[in-house]
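Below, chain A is the first sequence line, B the second, and so on; all start at residue 1.
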Amino acid sequence: GENVEQHPSTLSVQEGDSAVIKCTYSDSASNYFPWYKQELGKRPQLIIDIRSNVGEKKDQRIAVTLNKTAKHFSLHITETQPEDSAVYFCAASIGSTASKLTFGTGTRLQVTL
Amino acid sequence: NAGVTQTPKFQVLKTGQSMTLQCAQDMNHEYMSWYRQDPGMGLRLIHYSVGAGITDQGEVPNGYNVSRSTTEDFPLRLLSAAPSQTSVYFCASRLGGRQETQYFGPGTRLLVL
């Protein structure tokens, strides 16, 4: 089955700096890659997703890039703010069975003042 | 719309007891899933359903049963609780078809003694 690895497990940045979280996946058939943000004690919430026919997608301060050849995808957050502090999870699935998400182990992002 | 709802929010069980975690959605979503979240392990898929009357196993199905008699409800049953089932359980749903975004419920925290 699919295996998703996520790095780093923790990341501390200063407010205003950029943060990058990287994931790799094993199943070349995967074609849907969402990113979720989870605040302490809350549910995961989708922040951005990308499909395999797209190399990059942006939404304001957040961007995701995908390299299908290398089976890598990354989350980029620019101009970080304290409210960006949370745990971020990457995931992968085959689009037709997008209910079967395989998650990475999470990155705890801390944005310091 | 209430979205995805889960009950109870928190439950303590003794080893060997059984219980049902409830999940409901009012968005007429076709697909529903159950995940468990353990520290350092991300979210792992337990069971999922692609429509009423259709269920399938995920990554960690042992010790859990599901059924989907209606579109709205997707209960998760623990037949004989074990300490290893101590976790936070999230239900999720998505519309289906080309709509891949999964929406998570608020979670149920389960402690098995």
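By the rule that hydrophobic residues join a cluster once side-chain heavy atoms approach within less than 4.5 Å of another member, A/I48 and A/V54 end up as members of one cluster.
Heavy atoms of A/R108 lying under 4.5 Å from chain B are absent altogether. Proximity to chain A is limited to the backbone of B/V4, based on heavy atoms less than 4.5 angstrom apart.
Taking the ring centre of B/F10 as origin, the terminal cationic atom of B/R109 falls outside the region bounded by 6.0 Å and 45° from the ring axis.
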Donor-acceptor list for residues 35-45 of chain A side chains, cut-off 3.5 Å, not counting sequence neighbours:
unit_1, atom_1, unit_2, atom_2, d
A/Y36, OH, B/Q102, O, 3.1
A/K37, NZ, A/E83, O, 2.9
A/Q38, OE1, B/Q37, NE2, 2.8
A/Q38, NE2, A/K42, O, 2.9
A/Q38, NE2, B/Q37, OE1, 3.0
A/R43, NH1, B/F104, O, 3.0

Side chains of residues 66-75 of chain A: which donor-acceptor pairs under 3.5 Å do they make with residues two or more places apart or in other chains?
unit_1, atom_1, unit_2, atom_2, d
A/N67, OD1, A/T69, N, 3.1
A/N67, OD1, A/A70, N, 2.9
A/K71, NZ, A/S26, O, 3.1

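Comparing B/G105, B/G58, B/G107 by how many heavy-atom pairs each has under 4.5 Å with chain A, the most go to B/G105.
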